[in-house]
There are 2 protein chains.
Amino acid sequence: MLAYEEEVSGYDIKKWADWSLRHYYWSPSFSQVYSELKRIENHGYAASRMAGGDGGRNRRVYKITDAGRRAVRIWALDAPVDPPMLKHGALMRTAFGHLSTPDTLKAMLREHVDRVEALQHRIAVDAVAAEAEPAWAYARIAMRWAERYYASERELALELIAEIDAADEVFNAGKRGESFPRPRPGHWREIEEQVKATEDDD
Amino acid sequence: MLAYEEEVSGYDIKKWADWSLRHYYWSPSFSQVYSELKRIENHGYAASRMAGGDGGRNRRVYKITDAGRRAVRIWALDAPVDPPMLKHGALMRTAFGHLSTPDTLKAMLREHVDRVEALQHRIAVDAVAAEAEPAWAYARIAMRWAERYYASERELALELIAEIDAADEVFNAGKRGESFPRPRPGHWREIEEQVKATEDDD
DNA sequence: CGTTGCATGTAAGGTGTTACATGATTAC
DNA sequence: GTAATCATGTAACACCTTACATGCAACG
């Protein structure tokens, strides 16, 4: 973020993250922002000064250094990209749906859909602000990605809701029958064998 | 997982998580599995015993207790669901695309697409094993969700790749013009005002 | 008889949060 | 004047990973 060359404060960075980064990565807490900025400065990647000493607020603003520019270049060009990581609480709850009831599950997923819709609406509005600035061209396509991502998330959740009742019937049919197969130790090997039999590539 | 009523070891749980949970939530490291199981036992939610003492391997298997069943019921029915959290490294890299080059970006995203395709293929194969067991009816719909999620992730990434060049042109056009608007302190307020002007609900 | 998989754990450290503490400025 | 926002930080702790350490069993 400092690589935008602007002098920014910790507060600015947190707001920037809330505005766009949180929709596809994460938004740090204030306390982390402030401690990371200190760490960055100790590494020599940024230099800070107090801005607006008289009249203005007590803001500590950071500016990127040459070493910081070199480091961020290496990050952008050479650093390995971690695979995306998704922690989807609503879906995990669904995966353990047999501990709950179909109605509770569907209500939970409908709430999830509402939240996603709110986020989708929010980023659609925020993305408008990014349209005007050529400097934010890349931030803009990321935000448009997030908008489409929310749309897809919403559709997938709606499909899931429609599948709950059928899953519950299958589950209960299994319980009624006297044999109720459960995960057994060693069944992983069986699955692995099935997988290897199906796979020729990889 | 213990609520499936089967006696399971830490190793079993890790393999179970690798098989399905990791596609929509996360898979813990072995070391965390073992320490969490101890914690769960100390809380009285599970009881362990050594299995296969003579002849077999030294396995510590855990079984859920009544207190554990009560706790997991409360979790399944009443515990608030955290909003899904997505950490998408490839997309963050794209959002800071002006620090890289269009070609580097596109190659990075193509690699991302390859990885997603591999995961999609993998869960499609694994989900087959869940078809047979009525007890896994809910796990199955979660895995099918994940399959569709990967399909959507792939399409979204492909669209992103197609948008890179246009974004780069906009970015460079901004640099050529003498005015290159950057994020300014205080511009968040302006955005908030725009947002409030557009919003009537929320 | 050596590689892979099964199986369990400890120690150290990184990442990130919540709670707490403080105080100035702006808007209504 | 009081509520919201701007603004910065410390302390404690939760969560999770990597590196390390160990040993047995099964497969070819």
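Here is the naming used below: chain letters follow the sequence lines, and residue numbers restart at 1 for every chain.
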**Asked** So B:W16 and B:Y4, would you call those rings parallel, tilted or perpendicular, with 30° and 60° as cut-offs?
**Response** tilted

**Protein-nucleotide distance (A:M85, atom CE; D:dT17, atom C1'), rounded to Å** = 11 Å

**Item:** Interatomic distance where CZ belongs to A:F30 and P belongs to C:dT18 [whole Å]
**Value:** 13 Å

**Prompt:** Parallel, tilted or perpendicular for B:W145 and A:H88, by the 30°/60° rule?
**Reply:** perpendicular

**Message:** Looking at B:R39 and B:E36, is any side-chain nitrogen of the basic one under 4.0 Å from a carboxylate oxygen of the acidic one?
**Reply:** yes

**Asked** Between B:Y34 and C:dT8, is there a side-chain N or O to OP1/OP2 distance below 4.0 Å?
**Response** yes

**Protein-nucleotide distance (B:N58, atom CG; D:dG23, atom C1'), rounded to Å** = 9 Å

**Request:** Using a strict cut-off of less than 4.0 Å between a Lys/Arg side-chain nitrogen and an Asp/Glu carboxylate oxygen, indicate whether B:R49 and B:E7 qualify as a salt bridge.
**Result:** yes

**Prompt:** For B:D18 and C:dC6, what is the distance between atoms CG and P respectively, to the nearest whole Å?
**Reply:** 11 Å

**Prompt:** Charged N to carboxylate O below 4.0 Å: is that the case for A:D66 and A:R69?
**Reply:** yes

**Message:** Closer than 4.0 angstrom, basic N to acidic O: yes or no for A:R148 and B:E155?
**Reply:** no

**Fill in**
In whole angstroms, the gap separating P of C:dT17 from CZ of A:R22 amounts to 14 Å

**Prompt:** To the nearest Å, how far apart are B:M50 CE and D:dC24 P?
**Reply:** 13 Å

**Prompt:** Does A:R59 make a side-chain N or O approach to OP1 or OP2 of D:dA7 shorter than 4.0 Å?
**Reply:** yes

**Request:** Report yes if a side-chain nitrogen or oxygen of A:Y11 is closer than 4.0 Å to either non-bridging phosphate oxygen (OP1 or OP2) of D:dC6; otherwise report no.
**Result:** yes

**Message:** Rounded to whole Å, please give me the gap between CD1 in A:I13 and P in D:dA7.
**Reply:** 13 Å

**Fill in**
With sequence neighbours left out, the residues meeting salt bridge (charged side-chain N to carboxylate O under 4.0 Å, His left out) with A:D18 are A:K14

**Asked** Which listed nucleotide (C:dG9, D:dC6, D:dA7) is nearest to the side chain of A:K15?
**Response** D:dC6

Protein-nucleotides 11-16 of chain C N/O pairs closer than 3.5 Å?
unit_1: C:dG16; atom_1: OP1; unit_2: B:K87; atom_2: NZ; d: 2.4

**Message:** I want to check one thing: is the phosphate of C:dT10, taken as OP1 and OP2, less than 4.0 Å away from some side-chain N or O of B:K38?
**Reply:** yes

